[in-house]
Amino acid sequence: MNPIRIQQQPNQRIAHWGNIEEAGNRVLRVITLEDGKTVHNAFFDRNFYKRQQRGEEPR
């Protein structure tokens with residue numbers, strides 16, 4: 001509900017990243033269709049989490 005980062009992809013889908021406290025503060029990446037509401041895919045993003053730990057991404 002409160003993404004820390006949102007990015008429009010070339011295929012018009014939208015990527016949302018957010019920290020999930022209940023999952024050990026892991027980063028969940030949710031891909032939605034163009035409407036920004038219909039979920040296409042969701043997964044824990046280890047690469048984003050690692051970049052976050054290095055200070056390269058917002059927390």
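Predicted model, so just to flag it, every value in this text is computed and none were measured. Start at 1 with the first residue, then count along the sequence.
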If you link I, L, V, M, F, W and Y whenever their side-chain heavy atoms are under 4.5 Å apart, who else ends up in the same group as I14?
I6
[atom1]/[X] to [atom2]/[Y] distance, rounded to the nearest 0.5 angstrom?
X   : Y   : atom1 : atom2 : value
R13 : Q7  : CZ    : CD    : 14.5 Å
T38 : I31 : OG1   : CD1   : 13.5 Å
L28 : W17 : CG    : CH2   : 11.5 Å
L33 : N41 : CG    : CG    : 10.5 Å

Applying salt bridge (Lys or Arg N to Asp or Glu O under 4.0 Å), name anything that partners R5, two or more places apart in sequence or on another chain.
E57
The salt bridge (Lys or Arg N to Asp or Glu O under 4.0 Å) partners of E21 (sequence neighbours excluded) come to none
For A42 versus V30, what's the shortest heavy-atom pair and its separation?
CB-CG2, 4.1 Å
Applying ring pair (Phe, Tyr, Trp, His ring centres under 6.0 Å) to Y49 and not counting sequence neighbours gives none
For residues 24-34, the side chain to side chain donor-acceptor pair (under 3.5 Å) pairs (sequence neighbours left out) are H16-T32
Could you check if a side-chain atom of V27 sits within less than 4.5 angstrom of a side-chain atom of F44, using non-hydrogen atoms only?
no
Donor-acceptor contact below 3.5 Å, side chain Q52 vs main chain E56
no
For R46, enumerate each residue passing the side-chain contact (heavy atoms from CB on, under 4.5 Å) test, keeping only those at least two apart in sequence or located in another chain.
none
